[in-house]
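Computed from a predicted structure; not experimentally measured. Residue numbers count from 1 along this sequence. Just so it is clear, the values below take in all heavy atoms, side chains as well, and ignore hydrogens, waters and symmetry mates.
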Amino acid sequence: MKVTICDNRKQLGYHASQEGANFINQAIKEKGEANVVFVTGKSQVMTLFYLTQQNVDWTKVNIYHLDEFIGIEQSSMASSYSFLNEYLLSKIGKVKSYHPIDSCKDNVSKTIEALNKELNAHPLDVAFICIGENGHLAFNDPPADFDTTDPYILVNLERRSRKQQVSEGWFKNLDDVPEEAITMSVSQILSSKHIIVSCPDQRKAKAVAACLFEDISPLSPSSALRYAASCSLYLDRLSSCLVFGDRRTN
């Protein structure tokens, strides 16, 4: 795992977007298209901002969601659909294909079946992700399922994971946060040829330290990133405070 510590979230987003764009362009050059998955949330705003300014032929990119709440309206600001449209899709124009996750409660099985078929046919080239305050990857809360090979799975959300959604301002109170989600599995995330982790803010510091130093275990889902073939972890001075103190490196 390559770790880069930046002065602030803007610098973090810029460098993460540069490397991510290079990997996308590399995939396009090698096979004519790129398969890319995006996480949503405040940690991704600057990375997506700078990514939309990179020289990428988005008409050759297939885009996927990392996760989505079950039962949430697409128009909700907390939905992955709404977030990705605001911060990415509305800025880049036409893409080769786009595969949002259907959040309808009645369609969960069919949605997962269709997405799994799609991902099995289009292996991931780049995954833009983050680490949750409880150490989760996507919505794979501890204890995470490290064994399933299904690209997408249905999960129950841990209380700490749901509280993070409230603290970030996506929901007014805990009761408003859905208790279930469709998420990309840990094994599918790790299957990506390249993983870009944008993880700013001091509230993520404990989870970052656990990711790097705790035993690789379902109780610390992000620790699985140490199995990845190519993973770049981008931190700011706050999220890295328990890792390298005040030292910075590139």
Side-chain angles (χ1 to χ4, degrees), residues 23 27 31 33-41 44 61-72 74 79-81 83-84 95-132 134-162 164-165 177-197 207 211 215-231:
F23 288 141
K31 60 182 186 178
E33 66 176 16
N35 304 312
V36 186
V37 64
F38 291 94
V39 71
T40 60
Q44 304 303 299
V61 180
N62 303 305
I63 291 180
Y64 302 87
H65 283 185
L66 195 70
D67 49 38
E68 183 64 281
F69 295 108
I70 296 298
I72 197 168
Q74 284 188 340
S79 73
S80 294
Y81 182 91
F83 182 96
L84 209 58
V95 298
K96 183 168 186 179
S97 69
Y98 174 45
H99 305 272
I101 300 173
D102 185 352
S103 61
C104 180
K105 293 181 180 180
D106 297 331
N107 297 337
V108 171
S109 295
K110 290 183 178 180
T111 296
I112 291 175
E113 182 181 359
L115 287 171
N116 288 352
K117 183 178 180 180
E118 175 68 26
L119 259 293
N120 284 329
H122 296 85
L124 288 174
D125 296 298
V126 187
F128 289 89
I129 69 170
C130 190
I131 299 170
N134 66 347
H136 68 207
L137 286 181
F139 275 139
N140 296 286
D141 290 329
D145 186 345
F146 278 14
D147 297 323
T148 183
T149 57
D150 292 341
Y152 284 94
I153 57 176
L154 175 66
V155 294
N156 293 313
L157 299 176
E158 186 191 58
R159 182 180 177 85
R160 286 180 297 170
S161 182
R162 295 171 64 230
Q164 179 180 329
Q165 300 298 318
V177 185
E179 297 183 354
E180 293 183 312
I182 293 175
T183 184
M184 185 169 283
S185 67
V186 173
S187 64
Q188 183 67 28
I189 295 170
L190 296 180
S191 76
S192 181
K193 193 171 183 180
H194 302 286
I195 300 174
I196 305 292
V197 189
C211 167
D215 292 339
I216 298 176
S217 161
L219 297 177
S220 180
S222 63
S223 65
L225 290 172
R226 305 207 307 263
Y227 285 138
S230 170
C231 181

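Here the CD1-SG distance, from I70 to C104, works out to 8.5 Å after rounding to the nearest 0.5 Å. The CZ atom of F23 sits 9.5 Å away from the OG atom of S192 when rounded to the nearest 0.5 Å. The CG atom of L190 sits 5.5 Å away from the CD1 atom of I195 when rounded to the nearest 0.5 Å. For the atom pair CG (N156) and CZ (R162), the distance works out to 10.0 Å, reported to the nearest 0.5 Å. Atom CG of N116 is separated from atom OG of S185 by 8.0 Å, given to the nearest 0.5 angstrom. For the atom pair Q188 CD and N140 CG, the distance stands at 11.0 Å (nearest 0.5 Å).
Distance alone, capped at 3.5 Å, places no donor-acceptor pair between the S79 side chain and the I72 backbone. Checked by atom type and distance alone, the side chain of S230 never pairs as donor or acceptor with a backbone atom of H194 at under 3.5 Å. Here the side chain of D102 pairs no donor or acceptor atom with the backbone of T111 at under 3.5 angstrom. Under a 3.5 Å cut-off, the side chain of D125 and the backbone N or O of K193 do not form any donor-acceptor pair.
When side chains are defined from C-beta on, I196 counts as touching V126, because their heavy atoms get closer than 4.5 Å. Between M184 and L124, the closest side-chain pair of non-hydrogen atoms falls below 4.5 Å. At least one side-chain heavy atom of L225 sits less than 4.5 Å from a side-chain heavy atom of I129.
The two residues C211 and S222 make their nearest non-hydrogen contact at CB-OG, 3.2 Å. Closest non-hydrogen pair, A207 versus G132, comes out as CB-O, 3.2 Å. Residue Y152 comes nearest to L66 through the heavy atom pair CE2-O, 3.9 Å, listed as atom of the first residue, atom of the second, then distance. Between I112 and L154, the closest heavy-atom pair is CD1-N, 3.8 Å. The minimum heavy-atom distance between P178 and L157, with the atom names listed, is O-CD1, 3.3 Å. Heavy-atom minimum distance, R160 versus P142: NH2-CG, 3.6 Å.
With a 6.0 Å radius and a threshold of 12 heavy atoms from other residues, nucleotides or ligands, R226 has its CZ atom above the threshold. For K31, the NZ atom is densely surrounded, since the number of other residues' heavy atoms within 6.0 Å is greater than 12.
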**Request:** In sequence, state the C-alpha distance, the side-chain angles, and the governing distance for E33 and H122, and then conclude on side-chain contact (heavy atoms from CB on, under 4.5 Å).
**Result:** CA-CA 10 Å; E33 66 176 16; H122 296 85; 3.7 Å; yes
**Request:** Show the numbers, then the answer: is there a side-chain contact (heavy atoms from CB on, under 4.5 Å) between I63 and L84?
**Result:** CA-CA 10 Å; I63 291 180; L84 209 58; 4.1 Å; yes
Solution key, residues 144-151 side-chain donor-acceptor pairs under 3.5 Å, sequence neighbours excluded:
from	atom 1	to	atom 2	distance (Å)
D145	OD1	D147	N	2.9
D145	OD1	T148	N	3.0
T148	OG1	D150	N	3.2

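By the side chain to side chain contact (heavy atoms under 4.5 Å, CB included) test, S80 is found to be paired with T40, H65, D67, E68, residues two or more places apart in sequence or in another chain being considered.
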